[in-house]
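Just below is one structure, and these are the notes that go with it.
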Number of protein chains: 2
Amino acid sequence: MTTDAEAPRPITRIQREKQEVILEAALDVFSQFGFRGSTIDQIAEAAGMSKPNLLYYFKSKEDIHAPLLARILDTWLEPLREMDPDGDPLPEIQSYIRRKLEMSRDFPRESRLFANEMLRGAPGFYDILHTDLKDLVDEKVKIIKGWMAEGKVAKADPYHLIFSIWATTQHYADFDIQVKAVLGRERGGEGRFEDAARFLDQLFLHGLSPKKR
Amino acid sequence: MTTDAEAPRPITRIQREKQEVILEAALDVFSQFGFRGSTIDQIAEAAGMSKPNLLYYFKSKEDIHAPLLARILDTWLEPLREMDPDGDPLPEIQSYIRRKLEMSRDFPRESRLFANEMLRGAPGFYDILHTDLKDLVDEKVKIIKGWMAEGKVAKADPYHLIFSIWATTQHYADFDIQVKAVLGRERGGEGRFEDAARFLDQLFLHGLSPKKR
DNA sequence: GTCTATACACTGATAGAC
DNA sequence: GTCTATCAGTGTATAGAC
(Lines give C-alpha, C1' and ligand atoms only; values in the text may rest on other atoms or scores of the structure.)
Protein backbone atom coordinates (compact mmCIF):
# COMPACT_ATOMS: atom_id res chain seq x y z
CA MET A 1 0.00 0.00 0.00
CA THR A 2 2.86 2.38 0.55
CA THR A 3 4.22 3.97 -2.53
CA ASP A 4 7.43 5.80 -3.20
CA ALA A 5 5.61 8.40 -5.25
CA GLU A 6 6.38 10.96 -2.59
CA ALA A 7 10.04 11.20 -3.52
CA PRO A 8 10.41 10.91 -7.23
CA ARG A 9 12.59 14.03 -7.17
CA PRO A 10 15.45 15.26 -5.05
CA ILE A 11 13.33 18.27 -4.05
CA THR A 12 11.25 17.36 -1.04
CA ARG A 13 8.73 19.40 0.88
CA ILE A 14 11.07 19.92 3.78
CA GLN A 15 13.75 21.10 1.41
CA ARG A 16 11.42 23.66 -0.04
CA GLU A 17 10.53 24.88 3.41
CA LYS A 18 14.17 25.27 4.37
CA GLN A 19 14.84 27.08 1.15
CA GLU A 20 12.02 29.45 1.95
CA VAL A 21 13.47 30.15 5.39
CA ILE A 22 16.82 30.90 3.79
CA LEU A 23 15.37 33.15 1.11
CA GLU A 24 13.40 35.00 3.74
CA ALA A 25 16.54 35.58 5.80
CA ALA A 26 18.55 36.50 2.72
CA LEU A 27 15.98 39.11 1.78
CA ASP A 28 16.52 40.75 5.16
CA VAL A 29 20.26 40.89 4.68
CA PHE A 30 20.59 41.64 0.95
CA SER A 31 18.01 44.42 1.14
CA GLN A 32 20.13 46.21 3.72
CA PHE A 33 23.66 45.69 2.47
CA GLY A 34 23.34 44.78 -1.18
CA PHE A 35 24.87 41.71 -2.75
CA ARG A 36 28.51 42.47 -2.11
CA GLY A 37 27.99 43.91 1.32
CA SER A 38 26.14 40.85 2.58
CA THR A 39 27.80 37.69 3.86
CA ILE A 40 26.64 34.12 3.90
CA ASP A 41 27.37 34.08 7.63
CA GLN A 42 24.88 36.86 8.22
CA ILE A 43 22.24 35.09 6.19
CA ALA A 44 22.89 31.77 7.91
CA GLU A 45 22.59 33.37 11.31
CA ALA A 46 19.36 35.14 10.33
CA ALA A 47 18.05 31.82 9.06
CA GLY A 48 19.06 30.07 12.29
CA MET A 49 21.42 27.56 10.75
CA SER A 50 25.11 27.01 10.17
CA LYS A 51 26.84 28.28 7.09
CA PRO A 52 27.70 24.86 5.64
CA ASN A 53 24.15 23.79 6.26
CA LEU A 54 22.85 26.76 4.32
CA LEU A 55 25.25 25.95 1.52
CA TYR A 56 23.75 22.51 1.36
CA TYR A 57 20.51 24.08 0.11
CA PHE A 58 22.02 26.78 -2.09
CA LYS A 59 25.39 26.08 -3.51
CA SER A 60 26.52 29.70 -3.73
CA LYS A 61 25.72 33.23 -2.62
CA GLU A 62 24.69 34.10 -6.16
CA ASP A 63 22.23 31.20 -6.16
CA ILE A 64 20.43 32.71 -3.19
CA HIS A 65 20.37 36.18 -4.65
CA ALA A 66 19.21 35.42 -8.17
CA PRO A 67 15.80 33.89 -7.37
CA LEU A 68 15.02 36.77 -5.03
CA LEU A 69 15.63 39.27 -7.79
CA ALA A 70 13.70 37.32 -10.38
CA ARG A 71 10.73 37.01 -8.07
CA ILE A 72 10.74 40.72 -7.27
CA LEU A 73 10.68 42.27 -10.71
CA ASP A 74 7.69 40.12 -11.52
CA THR A 75 5.79 41.07 -8.37
CA TRP A 76 6.80 44.66 -8.77
CA LEU A 77 5.29 45.07 -12.19
CA GLU A 78 2.04 43.30 -11.42
CA PRO A 79 0.17 46.53 -10.59
CA LEU A 80 1.33 48.15 -13.82
CA ARG A 81 0.23 45.11 -15.82
CA GLU A 82 -3.20 45.43 -14.33
CA MET A 83 -3.72 48.99 -15.49
CA ASP A 84 -6.81 48.56 -17.65
CA PRO A 85 -6.98 50.33 -21.03
CA ASP A 86 -10.78 50.13 -20.90
CA GLY A 87 -11.09 51.54 -17.41
CA ASP A 88 -11.71 55.12 -16.40
CA PRO A 89 -8.35 56.89 -16.92
CA LEU A 90 -7.96 58.90 -13.72
CA PRO A 91 -9.26 56.15 -11.42
CA GLU A 92 -6.97 53.68 -13.17
CA ILE A 93 -3.97 55.87 -12.48
CA GLN A 94 -5.12 56.52 -8.95
CA SER A 95 -5.57 52.83 -8.34
CA TYR A 96 -2.11 52.13 -9.74
CA ILE A 97 -0.56 54.63 -7.35
CA ARG A 98 -2.44 53.12 -4.43
CA ARG A 99 -1.35 49.61 -5.20
CA LYS A 100 2.24 50.66 -5.70
CA LEU A 101 2.22 52.50 -2.38
CA GLU A 102 0.74 49.48 -0.66
CA MET A 103 3.59 47.41 -2.00
CA SER A 104 6.09 49.81 -0.46
CA ARG A 105 4.24 49.47 2.82
CA ASP A 106 3.90 45.69 2.72
CA PHE A 107 7.12 44.70 0.96
CA PRO A 108 9.73 47.29 1.87
CA ARG A 109 12.59 44.80 1.81
CA GLU A 110 11.79 43.80 -1.73
CA SER A 111 11.83 47.45 -2.73
CA ARG A 112 15.20 48.00 -1.08
CA LEU A 113 16.71 44.91 -2.66
CA PHE A 114 15.66 46.23 -6.04
CA ALA A 115 17.04 49.68 -5.22
CA ASN A 116 20.37 48.15 -4.21
CA GLU A 117 20.55 46.42 -7.57
CA MET A 118 19.84 49.65 -9.43
CA LEU A 119 22.47 51.53 -7.46
CA ARG A 120 25.21 49.18 -8.51
CA GLY A 121 24.13 49.41 -12.13
CA ALA A 122 21.99 46.26 -12.33
CA PRO A 123 24.67 43.88 -13.61
CA GLY A 124 23.20 40.86 -15.38
CA PHE A 125 19.83 42.49 -15.06
CA TYR A 126 20.05 45.32 -17.53
CA ASP A 127 18.91 43.10 -20.38
CA ILE A 128 15.63 42.39 -18.65
CA LEU A 129 15.08 46.08 -17.99
CA HIS A 130 15.84 46.88 -21.58
CA THR A 131 13.46 44.28 -23.00
CA ASP A 132 10.68 43.03 -20.70
CA LEU A 133 10.38 46.17 -18.61
CA LYS A 134 10.71 48.54 -21.54
CA ASP A 135 8.12 46.61 -23.53
CA LEU A 136 5.62 46.73 -20.70
CA VAL A 137 6.18 50.44 -20.12
CA ASP A 138 5.96 51.19 -23.83
CA GLU A 139 2.63 49.38 -23.97
CA LYS A 140 1.21 51.32 -21.03
CA VAL A 141 2.59 54.59 -22.36
CA LYS A 142 0.55 54.04 -25.50
CA ILE A 143 -2.56 53.59 -23.42
CA ILE A 144 -1.87 56.76 -21.46
CA LYS A 145 -1.19 58.68 -24.66
CA GLY A 146 -4.55 57.50 -25.92
CA TRP A 147 -6.23 58.86 -22.82
CA MET A 148 -4.43 62.17 -23.29
CA ALA A 149 -5.48 62.39 -26.92
CA GLU A 150 -9.08 61.85 -25.86
CA GLY A 151 -8.74 64.74 -23.43
CA LYS A 152 -9.38 62.53 -20.43
CA VAL A 153 -5.97 63.15 -18.91
CA ALA A 154 -3.90 66.33 -19.04
CA LYS A 155 -1.14 66.11 -21.61
CA ALA A 156 2.21 65.27 -20.07
CA ASP A 157 5.15 63.01 -20.77
CA PRO A 158 3.83 59.52 -19.94
CA TYR A 159 7.29 58.04 -19.37
CA HIS A 160 8.14 60.61 -16.75
CA LEU A 161 4.68 60.23 -15.29
CA ILE A 162 5.41 56.57 -14.68
CA PHE A 163 8.87 57.35 -13.30
CA SER A 164 7.40 59.85 -10.89
CA ILE A 165 4.86 57.30 -9.65
CA TRP A 166 7.62 54.75 -9.12
CA ALA A 167 9.80 57.31 -7.39
CA THR A 168 7.24 58.75 -5.03
CA THR A 169 5.81 55.42 -3.92
CA GLN A 170 9.08 53.52 -3.57
CA HIS A 171 10.55 56.40 -1.61
CA TYR A 172 8.46 55.33 1.38
CA ALA A 173 10.21 51.97 1.42
CA ASP A 174 13.72 52.88 0.30
CA PHE A 175 14.07 56.07 2.36
CA ASP A 176 11.85 54.92 5.18
CA ILE A 177 14.44 55.78 7.81
CA GLN A 178 14.61 59.37 6.56
CA VAL A 179 10.84 59.70 6.29
CA LYS A 180 10.43 58.54 9.87
CA ALA A 181 13.23 60.79 11.14
CA VAL A 182 11.67 63.86 9.54
CA LEU A 183 8.09 63.11 10.51
CA GLY A 184 9.06 62.43 14.10
CA ARG A 185 7.22 60.49 16.71
CA GLU A 186 3.73 61.87 16.24
CA ARG A 187 3.40 61.73 12.46
CA GLY A 188 5.88 58.98 11.65
CA GLY A 189 3.72 56.03 12.70
CA GLU A 190 1.81 53.72 10.42
CA GLY A 191 -0.50 56.60 9.51
CA ARG A 192 2.26 58.00 7.34
CA PHE A 193 1.17 55.72 4.52
CA GLU A 194 -2.37 57.04 4.61
CA ASP A 195 -1.08 60.61 4.65
CA ALA A 196 1.13 59.75 1.71
CA ALA A 197 -1.77 58.16 -0.16
CA ARG A 198 -3.90 61.25 0.31
CA PHE A 199 -1.11 63.54 -0.78
CA LEU A 200 -0.22 61.52 -3.87
CA ASP A 201 -3.86 61.27 -4.87
CA GLN A 202 -4.13 65.00 -4.74
CA LEU A 203 -0.84 65.70 -6.47
CA PHE A 204 -1.39 63.34 -9.38
CA LEU A 205 -5.12 63.71 -9.84
CA HIS A 206 -5.10 67.46 -9.52
CA GLY A 207 -1.93 67.56 -11.60
CA LEU A 208 -3.39 65.34 -14.30
CA SER A 209 -6.95 66.55 -14.51
CA PRO A 210 -7.55 67.93 -17.95
CA LYS A 211 -7.81 71.69 -17.85
CA LYS A 212 -11.18 73.16 -18.53
CA ARG A 213 -10.75 76.23 -20.61
CA MET B 1 64.22 85.49 2.03
CA THR B 2 62.73 82.07 1.94
CA THR B 3 60.36 81.33 4.74
CA ASP B 4 59.17 78.05 6.17
CA ALA B 5 55.68 79.46 6.57
CA GLU B 6 54.51 77.07 3.90
CA ALA B 7 54.70 74.04 6.15
CA PRO B 8 53.69 75.02 9.63
CA ARG B 9 51.38 72.03 9.72
CA PRO B 10 51.63 68.38 8.78
CA ILE B 11 48.95 69.01 6.17
CA THR B 12 50.57 70.22 3.00
CA ARG B 13 49.05 71.24 -0.28
CA ILE B 14 50.16 68.08 -1.98
CA GLN B 15 48.61 66.04 0.78
CA ARG B 16 45.33 67.77 0.29
CA GLU B 17 45.47 67.10 -3.41
CA LYS B 18 46.12 63.42 -2.86
CA GLN B 19 43.31 63.27 -0.38
CA GLU B 20 41.04 64.81 -2.97
CA VAL B 21 42.03 62.21 -5.53
CA ILE B 22 41.27 59.47 -3.03
CA LEU B 23 37.92 60.93 -2.02
CA GLU B 24 37.00 61.30 -5.66
CA ALA B 25 37.82 57.64 -6.31
CA ALA B 26 36.09 56.55 -3.13
CA LEU B 27 32.93 58.35 -4.20
CA ASP B 28 32.93 56.29 -7.39
CA VAL B 29 33.21 53.05 -5.48
CA PHE B 30 31.09 53.70 -2.39
CA SER B 31 28.24 55.11 -4.46
CA GLN B 32 28.02 51.84 -6.37
CA PHE B 33 28.58 49.23 -3.71
CA GLY B 34 27.87 50.95 -0.41
CA PHE B 35 30.24 51.00 2.51
CA ARG B 36 30.42 47.30 3.21
CA GLY B 37 30.40 46.23 -0.41
CA SER B 38 33.37 48.43 -1.28
CA THR B 39 36.99 47.50 -0.71
CA ILE B 40 40.04 49.63 -0.07
CA ASP B 41 41.73 47.82 -2.96
CA GLN B 42 39.04 48.99 -5.35
CA ILE B 43 39.37 52.56 -4.15
CA ALA B 44 43.16 52.45 -4.32
CA GLU B 45 43.05 51.15 -7.86
CA ALA B 46 40.54 53.80 -8.90
CA ALA B 47 42.79 56.41 -7.31
CA GLY B 48 45.84 55.02 -9.11
CA MET B 49 47.84 54.13 -6.06
CA SER B 50 48.70 51.18 -3.87
CA LYS B 51 46.60 50.20 -0.89
CA PRO B 52 49.26 50.99 1.75
CA ASN B 53 49.86 54.30 0.08
CA LEU B 54 46.19 55.16 0.29
CA LEU B 55 46.19 54.15 3.93
CA TYR B 56 48.98 56.61 4.50
CA TYR B 57 46.52 59.41 3.77
CA PHE B 58 43.46 57.94 5.43
CA LYS B 59 44.06 55.56 8.24
CA SER B 60 40.90 53.51 7.77
CA LYS B 61 38.05 52.80 5.40
CA GLU B 62 35.67 54.58 7.73
CA ASP B 63 37.88 57.67 7.62
CA ILE B 64 37.42 57.89 3.87
CA HIS B 65 33.70 57.33 4.01
CA ALA B 66 32.76 59.73 6.81
CA PRO B 67 33.91 63.00 5.21
CA LEU B 68 32.12 62.08 1.97
CA LEU B 69 28.86 61.63 3.82
CA ALA B 70 29.25 64.78 5.86
CA ARG B 71 29.95 66.82 2.77
CA ILE B 72 26.96 65.43 0.94
CA LEU B 73 24.16 66.08 3.39
CA ASP B 74 25.27 69.67 3.54
CA THR B 75 25.39 70.10 -0.23
CA TRP B 76 22.16 68.23 -0.60
CA LEU B 77 20.17 70.54 1.59
CA GLU B 78 21.55 73.75 0.17
CA PRO B 79 18.68 74.20 -2.32
CA LEU B 80 16.11 73.68 0.42
CA ARG B 81 17.85 76.23 2.64
CA GLU B 82 17.60 78.74 -0.15
CA MET B 83 13.85 78.49 -0.47
CA ASP B 84 12.86 82.06 0.25
CA PRO B 85 9.87 82.76 2.53
CA ASP B 86 9.50 86.19 0.95
CA GLY B 87 9.60 84.95 -2.62
CA ASP B 88 6.68 84.12 -4.86
CA PRO B 89 5.43 80.71 -3.61
CA LEU B 90 4.98 78.74 -6.82
CA PRO B 91 8.17 80.02 -8.47
CA GLU B 92 10.05 79.28 -5.25
CA ILE B 93 8.84 75.67 -5.32
CA GLN B 94 9.51 75.40 -9.02
CA SER B 95 13.01 76.73 -8.55
CA TYR B 96 13.64 74.27 -5.74
CA ILE B 97 12.59 71.37 -7.94
CA ARG B 98 14.84 72.61 -10.74
CA ARG B 99 17.86 72.93 -8.53
CA LYS B 100 17.29 69.54 -6.99
CA LEU B 101 16.97 67.95 -10.41
CA GLU B 102 20.16 69.67 -11.54
CA MET B 103 21.94 68.15 -8.60
CA SER B 104 20.79 64.69 -9.66
CA ARG B 105 22.14 65.43 -13.10
CA ASP B 106 25.45 66.92 -11.97
CA PHE B 107 26.13 64.87 -8.84
CA PRO B 108 24.60 61.44 -9.37
CA ARG B 109 27.28 59.65 -7.38
CA GLU B 110 26.63 61.79 -4.35
CA SER B 111 22.94 60.97 -4.62
CA ARG B 112 23.67 57.25 -4.84
CA LEU B 113 26.05 57.34 -1.90
CA PHE B 114 23.32 58.94 0.15
CA ALA B 115 20.77 56.38 -1.06
CA ASN B 116 23.09 53.54 -0.10
CA GLU B 117 23.32 54.97 3.41
CA MET B 118 19.54 55.21 3.70
CA LEU B 119 19.08 51.66 2.49
CA ARG B 120 21.22 50.24 5.24
CA GLY B 121 19.36 52.27 7.84
CA ALA B 122 21.76 55.23 8.12
CA PRO B 123 23.83 53.95 11.05
CA GLY B 124 25.57 56.76 12.90
CA PHE B 125 23.69 59.18 10.75
CA TYR B 126 20.19 58.88 12.08
CA ASP B 127 20.83 61.49 14.77
CA ILE B 128 21.64 64.12 12.16
CA LEU B 129 18.50 63.26 10.22
CA HIS B 130 16.44 63.46 13.37
CA THR B 131 17.83 66.84 14.42
CA ASP B 132 19.43 69.01 11.73
CA LEU B 133 17.41 67.65 8.82
CA LYS B 134 14.13 67.55 10.72
CA ASP B 135 14.65 71.11 11.99
CA LEU B 136 15.28 72.43 8.51
CA VAL B 137 12.28 70.62 7.06
CA ASP B 138 10.06 71.74 9.92
CA GLU B 139 11.08 75.32 9.26
CA LYS B 140 10.31 75.09 5.55
CA VAL B 141 7.06 73.28 6.22
CA LYS B 142 5.94 76.27 8.26
CA ILE B 143 6.68 78.55 5.35
CA ILE B 144 4.74 76.36 2.96
CA LYS B 145 1.83 76.16 5.37
CA GLY B 146 1.82 79.95 5.46
CA TRP B 147 1.59 80.05 1.68
CA MET B 148 -1.27 77.58 1.77
CA ALA B 149 -3.12 79.59 4.40
CA GLU B 150 -2.80 82.66 2.20
CA GLY B 151 -4.33 80.71 -0.65
CA LYS B 152 -1.23 81.02 -2.79
CA VAL B 153 -0.62 77.30 -2.90
CA ALA B 154 -3.19 74.50 -2.95
CA LYS B 155 -3.60 72.88 0.44
CA ALA B 156 -1.68 69.64 0.75
CA ASP B 157 0.54 67.90 3.26
CA PRO B 158 3.81 69.90 3.10
CA TYR B 159 5.95 67.05 4.48
CA HIS B 160 4.82 64.69 1.77
CA LEU B 161 5.20 67.45 -0.76
CA ILE B 162 8.86 67.72 0.17
CA PHE B 163 9.27 63.94 0.14
CA SER B 164 7.76 63.75 -3.32
CA ILE B 165 10.14 66.41 -4.59
CA TRP B 166 13.10 64.54 -3.15
CA ALA B 167 11.85 61.24 -4.54
CA THR B 168 11.11 62.38 -8.07
CA THR B 169 14.31 64.33 -8.54
CA GLN B 170 16.70 61.85 -6.92
CA HIS B 171 15.13 59.04 -8.91
CA TYR B 172 16.97 60.31 -11.99
CA ALA B 173 20.30 59.74 -10.25
CA ASP B 174 19.60 56.65 -8.15
CA PHE B 175 17.63 54.72 -10.78
CA ASP B 176 19.44 56.19 -13.75
CA ILE B 177 20.16 52.77 -15.21
CA GLN B 178 16.46 51.92 -15.20
CA VAL B 179 15.43 55.29 -16.60
CA LYS B 180 17.86 54.89 -19.47
CA ALA B 181 16.82 51.29 -20.12
CA VAL B 182 13.16 52.26 -20.36
CA LEU B 183 13.65 55.40 -22.42
CA GLY B 184 15.88 53.58 -24.88
CA ARG B 185 18.40 55.02 -27.25
CA GLU B 186 16.39 57.90 -28.70
CA ARG B 187 14.93 59.43 -25.56
CA GLY B 188 17.47 58.29 -23.01
CA GLY B 189 20.19 60.81 -23.86
CA GLU B 190 21.04 63.95 -21.96
CA GLY B 191 17.71 65.43 -23.00
CA ARG B 192 16.00 63.20 -20.47
CA PHE B 193 16.72 65.75 -17.78
CA GLU B 194 14.99 68.52 -19.71
CA ASP B 195 12.02 66.25 -20.34
CA ALA B 196 11.95 65.46 -16.65
CA ALA B 197 12.16 69.13 -15.72
CA ARG B 198 9.22 69.96 -17.97
CA PHE B 199 7.17 67.09 -16.61
CA LEU B 200 7.88 67.87 -12.97
CA ASP B 201 7.10 71.55 -13.50
CA GLN B 202 3.77 70.61 -14.91
CA LEU B 203 2.97 67.98 -12.29
CA PHE B 204 3.82 70.10 -9.29
CA LEU B 205 2.70 73.49 -10.52
CA HIS B 206 -0.55 72.22 -11.96
CA GLY B 207 -0.97 70.01 -8.91
CA LEU B 208 -0.29 72.84 -6.49
CA SER B 209 -2.05 75.74 -8.16
CA PRO B 210 -4.78 76.94 -5.86
CA LYS B 211 -8.18 76.01 -7.21
CA LYS B 212 -10.32 78.83 -8.43
CA ARG B 213 -13.86 78.15 -7.44
C1' DG C 1 20.78 16.35 6.67
C1' DT C 2 23.67 18.61 9.78
C1' DC C 3 27.85 19.45 11.94
C1' DT C 4 33.20 20.25 12.57
C1' DA C 5 37.15 21.10 10.28
C1' DT C 6 39.44 23.11 6.84
C1' DA C 7 41.11 24.91 2.22
C1' DC C 8 41.99 28.97 0.08
C1' DA C 9 41.18 33.70 -1.59
C1' DC C 10 40.28 38.35 -0.12
C1' DT C 11 40.23 42.36 3.01
C1' DG C 12 41.72 45.82 6.40
C1' DA C 13 45.56 47.35 8.32
C1' DT C 14 50.68 47.57 9.76
C1' DA C 15 55.95 47.10 9.54
C1' DG C 16 59.83 48.27 7.59
C1' DA C 17 62.95 48.82 3.41
C1' DC C 18 63.96 52.36 0.12
C1' DG D 1 56.07 59.36 0.60
C1' DT D 2 55.83 55.14 -1.66
C1' DC D 3 56.74 50.53 -2.08
C1' DT D 4 57.03 45.21 -0.87
C1' DA D 5 55.98 42.04 2.46
C1' DT D 6 53.15 40.45 5.73
C1' DC D 7 49.64 39.49 9.42
C1' DA D 8 45.31 38.65 11.45
C1' DG D 9 40.73 38.28 10.43
C1' DT D 10 36.88 37.36 7.43
C1' DG D 11 34.65 35.33 3.45
C1' DT D 12 33.17 31.68 0.13
C1' DA D 13 33.01 27.17 -0.46
C1' DT D 14 34.12 22.11 0.19
C1' DA D 15 35.43 17.54 2.58
C1' DG D 16 34.27 14.31 5.43
C1' DA D 17 32.67 12.61 10.11
C1' DC D 18 28.34 11.59 12.31
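Side chains are part of it too, since the values below use all heavy atoms of this structure and drop only hydrogens, waters and symmetry mates. This one's a predicted model, so the numbers in the text were calculated from it and none came from an experiment.
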Of all the nucleotides listed (C/dG1, D/dG1, D/dT12), which has the minimum atom distance to the side chain of A/Ile40? D/dT12

With the side chain of A/Pro52 defined as its heavy atoms from C-beta on, choose the nearest nucleotide among D/dT14, D/dT12, D/dC3.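 Selected nucleotide: D/dT14.
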
Pick base, sugar-phosphate or nothing for B/Leu55, based on heavy-atom distances below 4.0 Å to the nucleic acid.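 If one applies the 4.0 Å heavy-atom cut-off, B/Leu55 turns out to touch a base.
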
Indicate, with a heavy-atom threshold strictly under 4.0 Å, whether B/Tyr57 touches base, sugar-phosphate, or nothing.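 Result for B/Tyr57 = sugar-phosphate.
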
Does OP1 or OP2 of [N] have a side-chain N or O of [X] closer than 4.0 Å?
X: A/Lys59; N: D/dT12; result: no
X: A/Asn53; N: C/dG1; result: no
X: A/Tyr56; N: C/dT2; result: no

Could you tell me how far apart [X] ([atom1]) and [N] ([atom2]) are, to the nearest whole angstrom?
X: A/Phe58; N: C/dT2; atom1: CZ; atom2: C1'; result: 17 Å
X: B/Arg36; N: D/dG9; atom1: CZ; atom2: P; result: 18 Å
X: B/Glu45; N: C/dT11; atom1: CD; atom2: C1'; result: 15 Å
X: A/Asp41; N: C/dC3; atom1: CG; atom2: P; result: 13 Å

If the test is salt bridge (Lys or Arg N to Asp or Glu O under 4.0 Å), which one of A/Arg99, A/Arg98, A/Lys140 qualifies with A/Glu82?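 Single pass found, and it is A/Arg99.
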
For A/Ser50 and B/Ser38, take the nucleotide of DNA chain C holding the closest heavy atom to each; which residue's nucleotide lies nearer the 5' end? A/Ser50

Give a yes or no on this: more than 12 heavy atoms of other residues, nucleotides or ligands lie within 6.0 Å of atom CZ of B/Arg16.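 Result for CZ/B/Arg16: open.
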
Going by modelled atom types, is there a donor-acceptor pair between the base of C/dG12 and the side chain of B/Lys51 at under 3.5 Å?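 Indeed, a donor on one side and an acceptor on the other fall under 3.5 Å apart.
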
